[in-house]
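Sequence lines set the chain letters: A, B, ... in the order given, protein chains first and strands last, and positions in each chain run from 1.
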Protein chains: 4
Amino acid sequence: MILSIDLASEVPIYQQLRDQIVEAIAEGVLTAGSSLPATRTLAADFGINFHTVNKAYDLLRQQGLIRLNRKSGAVVTAAVTDPMVPSDWAAKVRTLLAEAVARGIPPDEVLRTCSSMLDSFGAKQREDTP
Amino acid sequence: MILSIDLASEVPIYQQLRDQIVEAIAEGVLTAGSSLPATRTLAADFGINFHTVNKAYDLLRQQGLIRLNRKSGAVVTAAVTDPMVPSDWAAKVRTLLAEAVARGIPPDEVLRTCSSMLDSFGAKQREDTP
Amino acid sequence: MILSIDLASEVPIYQQLRDQIVEAIAEGVLTAGSSLPATRTLAADFGINFHTVNKAYDLLRQQGLIRLNRKSGAVVTAAVTDPMVPSDWAAKVRTLLAEAVARGIPPDEVLRTCSSMLDSFGAKQREDTP
Amino acid sequence: MILSIDLASEVPIYQQLRDQIVEAIAEGVLTAGSSLPATRTLAADFGINFHTVNKAYDLLRQQGLIRLNRKSGAVVTAAVTDPMVPSDWAAKVRTLLAEAVARGIPPDEVLRTCSSMLDSFGAKQREDTP
DNA sequence: GTGGTCTAGACCACA
DNA sequence: GTGGTCTAGACCACT
């Protein structure tokens, strides 16, 4: 897995890490049982603070995407059995979609954008397991 | 237009206001030329400070969704002529979609959720202009 | 002289009028001694308030670009004898130029942009007096 | 960096602050990575309210010139990679240039004024890195 | 110790 | 009567 962070970005580093790991899981690059790099290793690689990586991992743990053990490190969990759409997630998506529509973008174009994004996740998955 | 704010929420009040107004515009409840309540009026209705409403309106103005005049108050602008998808918007959506997929929700169900949200905007529009 | 105003614009109508008349003078489309349309005529043409046109004309008068008489209407004055650069004008230009440079635009490109703008004024003048 | 504000001016204090900081960036007095004074510190120095400084900083953040962090304060960002001339910026410059020409100032003198302003930015930069 | 948010209340400019 | 600006002072989140 290749991660890249932008130290000059507006978005916090721990958020960038979290987002990219989430994407990697969505793409199937990281599958259930995969191990994430040790926090100190990852921090050293990027020259960032160890606590920053910790915070990113903790966010993922809170969401149930990874499991943190003292001995086995950070491990990607199996997909949640309850595939319900969390309400706050739906609220965020709804706000974003509304923003696009309010700016005058046709709804079907917005949907097409979403569709192609979702397809791109699947494409990565097929590449990995040919 | 019906707005509701949650004073106990961790998302800022001005953000809640902005989001709901954006949704109202997307739904067509607020159309181009519609007037928003005066800042102090809206503030009084919710029992909040007028500066908080001011900040929400200012965010909408920055995004080009409303126009602020000393004489005519806050007025919804016509939809932007350039229906381009901003890159940072796309990045936010991509992260959110990845989050759903990572949680094990099938991509086609995610897409269906988006589709129904977009439809709900259109539905409101059709209600208004039967 | 052809004027066009954008009722939906962020910038006040009287300002748009003033700016376009200033440009027309700079381009030589309006020369010293030229008469501007009567305020009520111009207001009727655009379907705007008569006071709005009045305000634009008054701004031009304050700057010494036109002269207002009850009988002869608004007349473009001869170019000011003192071609000094007003300090507040210089301050505005300086701030704008600084903004471009601060955004990373090379100074010579900024200067080239200014140069081509100034040339465009002269071009119009030559067209008018072949 | 030396800032000066005029409390009696009709241009808002936060605007004065913003403009002077923009100039400082253009001059190279503030380079990418430089820290600006803390909002409350700067406010205390000028005997103004910290909210006023906050608004100036927020404008700079919106423009992408600085980054605001809770921990590291206000930091000047690297120059934007896209050196495009925004259309509204061009419109403002065009209006100002037209104003000068309309007042009878020869275009080449206007251009020389712009050129010397741009040079003065570079001059400051050279002073800083001799 | 930083910025972020919210409140309360004042005066101004515009029209 | 509208938004715009400024002040004064509070508490919170993050580090």
Side-chain angles (χ1 to χ4, degrees), chain A residues 10-15 43 48-56 58-59, chain B residues 5-18 35-44 46-62 66-76, chain C residues 10-15 43 48-56 58-59, chain D residues 5-18 35-62 66-75:
Chain A
E10 189 83 344
V11 24
I13 295 171
Y14 68 87
Q15 184 96 18
I48 59 179
N49 195 300
F50 143 79
H51 291 295
T52 304
V53 180
N54 236 346
K55 183 160 187 175
D58 195 54
L59 283 176
Chain B
I5 59 174
D6 176 12
L7 296 175
S9 167
E10 68 174 353
V11 31
I13 298 174
Y14 69 87
Q15 186 81 268
Q16 295 180 43
L17 284 176
R18 191 212 77 114
S35 281
L36 269 61
T39 49
R40 285 161 174 84
T41 306
L42 192 54
F46 284 121
I48 61 177
N49 193 279
F50 91 92
H51 284 121
T52 306
V53 179
N54 226 346
K55 190 159 185 175
Y57 279 17
D58 197 53
L59 284 176
L60 292 164
R61 183 190 59 75
Q62 286 169 32
I66 68 173
R67 209 153 32 96
L68 295 176
N69 278 318
R70 280 188 151 104
K71 78 166 193 185
S72 51
V75 179
V76 178
Chain C
E10 189 84 343
V11 23
I13 295 172
Y14 68 87
Q15 184 96 17
I48 59 179
N49 195 300
F50 143 79
H51 292 294
T52 305
V53 180
N54 235 346
K55 184 161 185 177
D58 195 54
L59 284 176
Chain D
I5 60 174
D6 175 13
L7 297 175
S9 167
E10 69 173 354
V11 31
I13 298 174
Y14 69 86
Q15 185 82 269
Q16 296 180 42
L17 283 176
R18 190 211 78 116
S35 281
L36 269 62
T39 49
R40 286 161 175 85
T41 305
L42 192 53
D45 288 351
F46 284 120
I48 60 178
N49 194 278
F50 92 90
H51 284 122
T52 305
V53 179
N54 226 347
K55 190 159 185 177
Y57 279 17
D58 197 53
L59 284 176
L60 292 164
R61 182 191 58 76
Q62 286 169 31
I66 68 174
R67 208 152 34 94
L68 295 176
N69 278 318
R70 281 187 150 107
K71 78 165 195 186
S72 51
V75 179

Starting from P on dC6(E), measure out to CD on Gln15(B) and report it in whole angstrom.
-> 10 Å

Residue whose nearest DNA chain E nucleotide is more 5′ - Arg61(D) or Thr52(B) = Arg61(D)

A correct dot-bracket answer for DNA chain F, with pairs being Watson-Crick or G-U at under 3.5 Å, [ ] for crossing pairs and | for inter-strand pairs, is ||||||||||||||.

Starting at OH of Tyr57(D) and ending at P of dG3(E), how long is that distance when rounded to a whole Å?
-> 7 Å

Separation between CG (Leu36(D)) and CD1 (Ile66(D)), nearest 0.5 Å, reads 5.5 Å

Sugar-phosphate, base or nothing in reach of Asn54(D), heavy atoms under 4.0 Å | base

Check the pair Tyr57(B) / Leu42(B) against side-chain contact (heavy atoms from CB on, under 4.5 Å), numbers first and verdict last.
-> CA-CA 11 Å; Tyr57(B) 279 17; Leu42(B) 192 54; 3.5 Å; yes

Should Phe46(D) and Leu17(D) be marked as a side-chain contact (heavy atoms from CB on, under 4.5 Å) after you check the CA-CA gap, both sets of side-chain angles, and the distance that decides it?
-> CA-CA 11 Å; Phe46(D) 284 120; Leu17(D) 283 176; 4.0 Å; yes

Heavy atoms of Tyr14(C) and Thr52(C) approach each other most closely as CB-O, 3.5 Å

Round to a whole Å and report the spacing from CD1 of Ile48(B) to P of dA8(E).
-> 11 Å

Whichever of Pro12(C) and Ile13(B) has its nearest DNA chain E nucleotide further upstream toward 5' = Ile13(B)

Pairwise side-chain contact, Asp58(A) with Lys55(A), heavy-atom cut-off 4.5 Å (strictly under) | no

Spacing of Glu10(B) atom CD relative to dG4(E) atom P, expressed in whole Å | 17 Å

In whole angstroms, the gap separating C1' of dC6(E) from CG of Asn49(D) amounts to 13 Å

Identify the two heavy atoms, one from Gln16(B) and one from Val11(B), that lie closest to each other, and give their separation to 0.1 Å.
-> NE2-O, 2.9 Å

Residue pair Leu36(B)/Val11(D) against DNA chain F: nearer the 5' end by closest nucleotide is Leu36(B)

Closest heavy-atom contact between Ala56(D) and Arg18(D)?
-> CB-N, 4.1 Å

Taking protein heavy atoms under 4.0 Å as touching, what does nucleotides 10-15 of chain F look like 5' to 3' if B marks base contact, S marks sugar-phosphate-only contact and - marks none?
-> BB-BSS

For atom CG of Leu59(D) and atom C1' of dG4(F), their distance in whole Å = 13 Å

With respect to Ile13(D), which candidate in Val53(D), Leu7(D), Asn49(D), Asp6(D) satisfies the side chain to side chain contact (heavy atoms under 4.5 Å, CB included) definition?
-> Leu7(D)

Looking at Ser72(B) and Ser35(B), what are the two nearest heavy atoms and their distance?
-> O-OG, 4.4 Å

Figure out the CD1/P separation between Ile66(D) and dT2(E), and round it to whole Å.
-> 15 Å

Between CG of Leu68(D) and C1' of dG1(E) the distance, given in whole Å, is 15 Å

